[in-house]
Protein chains: 2
Amino acid sequence: MDLLHALSDEEGTFSAREKALARLVLEDIDFAVNASINDLAERAGVSPPTVTRFCRRLGCQGFPDFKVQLAKMPYVGLRYFAPETPTETPEEVAEDIVAKAQNALFQMHRQLDLAAMSKAAHLLRGADFIHAFGASGNSAMMAHELHNRLFRLGCPVSASSDHGMNAMLAAAAGPGTVVFGSSFSGRDPMLVRCLDLARGRGVPTIVVTQSGSPVAKAADVVIAVDLPEGRNIFRPTSTRYAYLAVIDILANLVAYADREKATRILRSIKEELVRRRDGDDRQALGD
Amino acid sequence: MDLLHALSDEEGTFSAREKALARLVLEDIDFAVNASINDLAERAGVSPPTVTRFCRRLGCQGFPDFKVQLAKMPYVGLRYFAPETPTETPEEVAEDIVAKAQNALFQMHRQLDLAAMSKAAHLLRGADFIHAFGASGNSAMMAHELHNRLFRLGCPVSASSDHGMNAMLAAAAGPGTVVFGSSFSGRDPMLVRCLDLARGRGVPTIVVTQSGSPVAKAADVVIAVDLPEGRNIFRPTSTRYAYLAVIDILANLVAYADREKATRILRSIKEELVRRRDGDDRQALGD
DNA sequence: CTTCATATGTAAATTATTTTCATAAAATGG
DNA sequence: CCATTTTATGAAAATAATTTACATATGAAG
């Protein structure tokens, strides 16, 4: 899974020929995936054994294994290296949005700090009250989504995307409260202020944001998500998919922290839903 | 990309040996992807040439190409064939949620009706007013997300997840209005009622829902998303990722339908955001 | 300037894959 | 029901791909 990383040669240990090979592969993965060792060697201007050695150095068993490893990724990972192609037709738009969303999920997963997630889950499970803060559409969605996930598990949680309100809530927070914040950019001064207020009152704070950002610096538990932004202004950010998955994973961990309680609440929600619909209980928990 | 489909032998044209091969491949993709043609032939109890012929029949160029095609999929597609494994550790939870989300995106993309999407996009772009309806958390999120996407493009849109309100809005809708509805289950009687009301007033209706469901039947333009639900009740439905992508694609198509207008509005939103933050304009449009 | 380590290529050996051809099994038509 | 054709399959040969073994060159270290 770390071919991606290996190919970028962060340690700078590649020889000249190997660099040429790495460049060629990253530039045209489709070619690399379909080529024979001779084709690849020829186009990179090296000999076939050099290619085999290159593959081994990358941690593969040989050239065929390298191709398979490479093929496993392109759909989800390596497209980031491809130049951003303009989309015009509906086919291209759909293809591009789906690929970018999958990439965002892939990248988030690679960098996810599970220790921070576990810590956050335990804080949330143990909280007497949870405030979820987020603003400006995208982060507001995350705050509401956390609410939507956690109330089902029996957590006392409220979500708010009202800056003034959030500041008051943070200023009034007492012991047992936990504050959760989301900020895609990490530069939401009002959220920073809320976090500072909470911290000043000894209330633990959890954020999902860009590492090293003002928001990250103001929080106790930081779940860092650092993704490159696309350049198509018409396109909503694919980072949302990654954030959504972070919320899902967090909610799942909270559920696992006290399964018995989660099961009880989920069952009663389900019963209510079935009663209000047509008695078909195969449905998911909530429309 | 359609190896998946080809391997399932829906036309039933496989011979006995080919069926054995298909079964072996689907049962243990990891093995198939890493094996040599001899290993695979031996384990399936056939001769190597039979394997080559099998690959060709599947539309591949040969056995190596088959392996590459196969390797391209597992991460996003073929995991559906794997039995649902219980997750326990945070690693497993994260891995599973990310894989399921990617699968949902993959499957949605495979079945997406782009003609319906285009039709929906043109209806939305031409509307004088858009009502986005959705209830119960998940679909409410989709309605609000559509609002969040479309207002940025200069569309007059409002989102509501209040059943009573929705019915009144639908009943009051005049010419030029378009109603958009989301329902994961397709069995939201109140949404069906709103759609009927709108239809009765000659207002076009667009829905994202399960095909063949009551909601689908009540709408003019149906964007069908049919995905299997997971069996882990602690886990939020991965269908949300697919729906979110549908909204994104739709919003992108709406933007492309009148780029000049979309660009103008997006620019002013961006200026406002930058003014309220620290002047860094690299940020995405909205937190 | 020599020595050693490393990088790389050539050619041979090995291995993998495909083609060719023969045979057997199943389907088709009388 | 038999003859004929088609189709499926494997064995062996041919080809192609990959790797190994070895030789040479390059450059760094002493």
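Residue numbers start from 1 in every chain, and the chains themselves are labelled A, B, ... in the order their sequence lines are given, proteins ahead of strands.
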- Item | Presence of salt bridge, A:K119 and A:D220, under 4.0 angstrom |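 Not counted as a salt bridge, because no side-chain N and carboxylate O are separated by less than 4.0 Å.
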Supply the atom-to-atom distance [X] [atom1] to [Y] [atom2], rounded to the nearest 0.5 angstrom.
X      : Y      : atom1 : atom2 : answer
B:I97  : A:I247 : CD1   : CD1   : 11.0 Å
A:Q111 : A:L227 : CD    : CG    : 5.5 Å
B:L24  : B:F31  : CG    : CZ    : 6.0 Å

- Task: Examine A:R17 relative to A:F54 and say whether NZ or CZ is less than 6.0 Å from the centre of the six-membered ring and inside a 45° cone about the ring axis.
- Result: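 Not satisfied by the 6.0 Å and 45° rule.
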Whole angstrom is fine here: how far is it from [atom1] in [X] over to [atom2] in [N]?
X     : N      : atom1 : atom2 : result
B:F54 : D:dT7  : CZ    : C1'   : 17 Å
A:I37 : C:dT17 : CD1   : P     : 13 Å
B:F63 : C:dT19 : CZ    : P     : 15 Å
B:L21 : D:dA8  : CG    : P     : 14 Å
A:Q61 : D:dA17 : CD    : P     : 19 Å
B:D65 : C:dT18 : CG    : C1'   : 14 Å
A:K67 : C:dT17 : NZ    : P     : 10 Å
A:R17 : C:dT10 : CZ    : P     : 10 Å

Base, sugar-phosphate or nothing for [X]? Non-hydrogen atoms, less than 4.0 Å.
X     : value
B:R53 : base
A:V51 : nothing
A:S47 : base

- Query: Choosing from D:dA17, D:dT9, C:dT8, which nucleotide comes nearest the side chain of A:S36?
  - Reply: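 In terms of side-chain proximity for A:S36, the closest of D:dA17, D:dT9, C:dT8 is D:dA17.
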- Task: Answer yes or no: is there a donor N or O on one side and an acceptor on the other, between the side chain of B:Y241 and the main chain of B:V98, under 3.5 Å?
- Result: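 Answer holds: no.
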Does a side-chain N or O from [X] land closer than 4.0 Å to OP1 or OP2 of [N], or not?
X     : N      : result
B:T52 : C:dT18 : yes
A:T50 : C:dG9  : yes
B:R57 : D:dT9  : no

- Query: Bend angle of the helix from C:dC1-D:dG30 to C:dG30-D:dC1 from five-pair axes at both ends, rounded to 10°?
  - Reply: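 Roughly 20° between the end axes, to the nearest 10°.
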- Message: I'd like to know whether CD of B:E91 has more than 12 heavy-atom contacts from other residues, nucleotides or ligands below 6.0 angstrom.
- Response: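 Count over threshold, so yes.
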- Position toward the 5' end of DNA chain D (nearest nucleotide), A:D39 or A:P49: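 The answer here is A:D39.
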